[in-house]
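Since the structure is predicted, the reported quantities are computational estimates derived from the model, not experimental observations.
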Amino acid sequence: MTAACANSAGQQGTTASQEVIATATVGAVTSTATAGIEATAPPAPVWDGADLHVPGNFVLVLPLQFTLARGVVISDSDVTPLDDGTIRAEITEELRHLLFVIDSNSNMKVYSPGVSPVSAHLERAANGGVQITYSQNVDSQAGTVSITFEGTLFKEQFTVHYEQYYNPSAFINANASDVVVTFNARIRWITASEIPAAPRNGSYHFGADGAIVLTWQTGQHAVAYEVYRQISDVDQQFQLLATVKGTSYTDSSSLARQNLHSMKGITYAIFSVGPTGVENPGAIVVAIPGQASQG
């Protein structure tokens, strides 16, 4: 998101899921590391304050109730404040993908789009709840995003302090940025069966009119799919294009046509959505290489 905020200061666009990295060749697919999620179904939501644990898997419930949204873009010569509304919108879009999973040993992992899950540290909170903290560095073509997450979970209420620092790649025309938010949110307990499998075997071909046609195979328990696109010469993060119920999507936009033979190409990421709205953060990534990749 921080890359997106930097982007918002220079070029407009709603952003999401920047962390997915594409390394595939023509028509090939790179799958992200979310296989083998080990999860236990939550018991009835009774919280035992004397026992340091989280009773099951959960996701955040939107909307997030922000108490602070502050950020700046940092250039070589200036520091420019970011718009609060932009920060709130893009942080919400990003954090709605988070999935908190407890394994059979009561260890917690946090899943986010396109990157390996990160282990969270659990500690007793002063209010009898559980503090959940983790840090994460995400590297991509656009640069490095450093994330710090500090939350306190009490019953079904979550109070969170969240910070992202974005350091752009030397190959990206963007400035560094630093964003800090605090918010309150409810959580929803979910069972392992509510987490759909990621889609499989994604590929693309060109339609008769030059449109880009994406196809994939179903993920078990998926009822819909979210399709994202990143045009590397235009976007610093993935853009949500559509939510579809089938296993194909046609991108006939003028922007895609104009950038089909750009230097860095176009990348699509496709996520499964389950019957209760839970999304698997693991995506298939379909990459159409640009002129640089073609030598």
Side-chain angles (χ1 to χ4, degrees), residues 1-5 7-8 13-20 32 34 37 39 54 56-69 71 84-101 108-115 117-118 120 132 134 136 138 145 147-151 153 156-164 166 179-191 194-196 198-199 219 221-230 235-245 269-283:
M1 198 291 304
T2 314
C5 282
N7 189 35
S8 298
T14 303
T15 62
S17 304
Q18 153 271 338
E19 298 92 338
V20 180
T32 54
T34 58
I37 293 177
V54 176
N57 318 311
F58 65 89
V59 293
L60 302 179
V61 176
L62 302 184
L64 307 178
Q65 304 297 323
F66 288 91
T67 55
L68 173 69
D84 287 1
T86 299
I87 295 172
R88 293 169 190 250
E90 296 188 1
I91 285 288
T92 296
E93 175 61 27
E94 193 164 299
L95 296 190
R96 75 182 182 90
H97 298 279
L98 289 185
L99 175 61
F100 298 80
V101 174
M108 172 174 283
K109 290 190 179 296
V110 183
Y111 291 77
S112 55
V115 294
V118 60
I132 300 171
Y134 67 88
Q136 188 175 32
V138 180
V145 178
I147 297 169
T148 301
F149 184 103
E150 301 173 351
L153 179 62
E156 295 181 358
Q157 297 296 319
F158 209 10
T159 302
V160 175
H161 176 94
Y162 184 80
E163 181 171 1
Q164 283 192 355
Y166 167 62
V179 172
V180 178
V181 300
T182 58
F183 61 86
N184 298 311
R186 292 188 303 109
I187 66 162
R188 179 163 70 87
W189 302 113
I190 61 172
T191 64
E194 291 182 83
I195 304 171
H221 304 306
V223 297
Y225 302 91
E226 291 193 335
V227 181
Y228 290 83
R229 180 187 68 199
Q230 182 185 40
D235 306 314
Q236 293 171 355
Q237 295 187 339
F238 277 78
Q239 315 288 323
L240 176 62
L241 295 181
T243 300
V244 299
K245 293 186 179 299
I270 305 157
F271 296 87
S272 296
V273 181
T276 61
V278 176
E279 182 182 81
N280 188 328

TODO: Please step through side chain to side chain contact (heavy atoms under 4.5 Å, CB included) for the pair Val278 and Arg188, ending with a clear verdict.
DONE: CA-CA 10 Å; Val278 176; Arg188 179 163 70 87; 3.4 Å; yes

- [ ] Please step through side chain to side chain contact (heavy atoms under 4.5 Å, CB included) for the pair Thr159 and Thr67, ending with a clear verdict.
- [x] CA-CA 10 Å; Thr159 302; Thr67 55; over 6 Å; no

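Distance check, rounded to the nearest 0.5 Å: OG of Ser272 to NE2 of His221 gives 11.0 Å. Taken from CD1 in Ile132 to CD in Glu150, the straight-line distance is 12.5 Å, to the nearest 0.5 Å. Taking CD of Glu163 as the start and CD1 of Ile91 as the end, the distance is 10.5 Å to the nearest 0.5 Å. Put simply, CD1 on Ile147 and CG on Leu95 are 8.5 Å apart, with the number rounded to the nearest 0.5 Å. Here the OG-OH distance, from Ser112 to Tyr134, works out to 6.0 Å after rounding to the nearest 0.5 Å. Atom CD1 of Ile195 and atom OG1 of Thr276 lie 9.0 Å apart (nearest 0.5 Å).
Nearest heavy-atom pair across Ile87 and Ala69 is CG2-CB, 4.1 Å.
Applying the side chain to side chain contact (heavy atoms under 4.5 Å, CB included) criterion to Ala224, with sequence neighbours excluded, gives Thr243, Val273. Residues forming a salt bridge (Lys or Arg N to Asp or Glu O under 4.0 Å) with Arg186 (at least two apart in sequence, or on another chain): none. Take Asp84 and apply the side chain to side chain contact (heavy atoms under 4.5 Å, CB included) test, not counting sequence neighbours, and it matches Arg88. For Phe58, the ring pair (Phe, Tyr, Trp, His ring centres under 6.0 Å) test picks out Phe100, Phe158, Trp189, with sequence neighbours left out. Annotation: side-chain hydrogen bond (donor to acceptor under 3.5 Å, both in side chains) contacts of Gln136 (sequence neighbours excluded): none. The side chain to side chain contact (heavy atoms under 4.5 Å, CB included) test applied to Thr92 returns Leu62, Leu64, Phe66, not counting sequence neighbours.
Formation of a donor-acceptor pair under 3.5 Å by the Tyr225 side chain with backbone atoms of Gly219 is found in this model.
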